[in-house]
2 protein chains.
Amino acid sequence: MPINYFIEQLQAKGVKITPQRQEIIKVFLESQDLHLSAEEVHRRITVKFPSMSLDTVYRNLSMLQKLGILTELNFGDRKSLFEINNSQHHHHLICTKCGGSQEIEFCPLDFLDKQHIKNFKVQKHSFEIFGICANCMQ
Amino acid sequence: MPINYFIEQLQAKGVKITPQRQEIIKVFLESQDLHLSAEEVHRRITVKFPSMSLDTVYRNLSMLQKLGILTELNFGDRKSLFEINNSQHHHHLICTKCGGSQEIEFCPLDFLDKQHIKNFKVQKHSFEIFGICANCMQ
DNA sequence: TCCTAATTAGGAATTATTACTATTTAAGAT
DNA sequence: ATCTTAAATAGTAATAATTCCTAATTAGGA
């Protein structure tokens, strides 16, 4: 997805298109890493724009997540990671040794009997598998 | 499960049976709430034993989790919750409005095609569904 | 009863995130 | 093109959860 695709979403929601916001989206689009922490996003931007405030990063990550442009991930280490929604819905295998992760396309909701969630309005869900990856296995 | 069941597990692992440890286990066994934070465990114990250190709570929760006596839960609010393993494996529906949770017996691993996780040694997994519970719905 | 490694209390330090406030700015109106 | 203003930002302080540190205590074996 080109950056304009996301900029248009912002315009449609009536939020201002600031240079800071554009930089944050660019970082995700240019990143090889799929998952970035607020700190890491900030670090990458301040290389070129040293005045970017960490608060601005947090504020915008949160806003972009609410708009559905980013997904927030919690791998249980009490720091949030974010990934941009430019591929299909998926979940993750996370290596507890090296910290790396891979995507799996399996989604539990496809197998969940609706009996289990009646009288409950589902908003979102999380599913992660933790273990040792092939690399770390030997 | 009586408390002795857990004490014996500790003895079998060769850790010392301190009063502090026994209190922590008691708190879980006596609690109607299924999920307790470190802070909450500490709060309940200091009513009777004001000198219990918060550090001791953290250290022991972590130890009890590694021994398989407790399960650590992360509902994405960057604070860990713990529950004692005295019922069968389950997952949770979590209400984003009131914070309450209910158990569901469905487990994704029962439906996961082993193709998805080949070359990966599974250690643990998380699965939570977030939404609005029946009470908060009206 | 003695010994010692394990454990603890108390407080300081760390990490991630949120709050606050004065200043700046995007973008619609004139 | 300029003006206006609500939204957004920078910089810093505050908060929350957790971990680290160290001297003192203690469980449990000898």
[X] [atom1] - [N] [atom2] separation (whole Å):
{"X": "B:Gln11", "N": "C:dA6", "atom1": "CD", "atom2": "C1'", "result": "15 Å"}
{"X": "A:Asp55", "N": "D:dT12", "atom1": "CG", "atom2": "P", "result": "13 Å"}
{"X": "B:Met63", "N": "D:dT19", "atom1": "CE", "atom2": "P", "result": "15 Å"}
{"X": "A:Arg78", "N": "C:dT18", "atom1": "CZ", "atom2": "C1'", "result": "16 Å"}
{"X": "B:Glu23", "N": "C:dA9", "atom1": "CD", "atom2": "P", "result": "11 Å"}
{"X": "B:Leu36", "N": "D:dA17", "atom1": "CG", "atom2": "P", "result": "14 Å"}
{"X": "A:Ile24", "N": "D:dT9", "atom1": "CD1", "atom2": "P", "result": "7 Å"}
{"X": "A:Leu10", "N": "C:dA27", "atom1": "CG", "atom2": "C1'", "result": "15 Å"}

Does [X] place a side-chain N or O at less than 4.0 Å from the phosphate oxygens OP1/OP2 of [N]?
{"X": "A:Tyr58", "N": "C:dT18", "answer": "no"}
{"X": "B:Arg59", "N": "C:dT7", "answer": "no"}
{"X": "A:Arg21", "N": "D:dA8", "answer": "yes"}
{"X": "B:Thr18", "N": "C:dT8", "answer": "yes"}
{"X": "B:Thr56", "N": "C:dA9", "answer": "yes"}
{"X": "A:Gln20", "N": "D:dA10", "answer": "yes"}

With a non-hydrogen cut-off below 4.0 angstrom, is [X] in contact with a base, only sugar-phosphate, or nothing?
{"X": "B:Lys16", "value": "base"}
{"X": "B:Leu54", "value": "base"}
{"X": "A:Ser37", "value": "nothing"}
{"X": "A:Pro19", "value": "sugar-phosphate"}

message: Check whether B:His92 reaches the backbone of B:Ser101 with its side chain - one donor and one acceptor, N or O, closer than 3.5 Å.
response: no

task: Could you give me the CA-CA distance, side-chain angles and deciding distance for B:Ile84 and B:Leu64, then say whether side-chain contact (heavy atoms from CB on, under 4.5 Å) is met?
output: CA-CA 9 Å; B:Ile84 196 158; B:Leu64 292 168; over 6 Å; no

- prompt: Looking only at N and O atoms, is any donor in the side chain of A:Asn60 or the base of D:dA8 less than 3.5 Å from an acceptor on the other one?
  reply: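 Side chain to base: no pair present.
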
- request: Quick one: do A:Glu105 and A:His90 satisfy side chain to side chain donor-acceptor pair (under 3.5 Å)? Show the steps, please.
  value: CA-CA 5 Å; A:Glu105 308 214 331; A:His90 58 264; over 6 Å; no

query: Given C:dA9, C:dT17, D:dA17, which nucleotide is nearest the side-chain atoms of B:Lys79?
result: D:dA17

message: Please pick, from C:dA27, D:dT18, C:dT7, the nucleotide with the shortest atom-to-atom distance to any side-chain atom of B:Val15.
response: C:dT7

message: With salt bridge (Lys or Arg N to Asp or Glu O under 4.0 Å) as the criterion, how do B:Glu39 and B:Arg43 come out once you've worked through the C-alpha distance, each side chain's angles and the decisive distance to 0.1 Å?
response: CA-CA 6 Å; B:Glu39 191 77 44; B:Arg43 204 186 59 68; over 6 Å; no

- request: Check each of B:Phe75, B:Phe106, B:Phe127 against B:His91 using the ring pair (Phe, Tyr, Trp, His ring centres under 6.0 Å) test, and report the only one that passes.
  value: B:Phe127

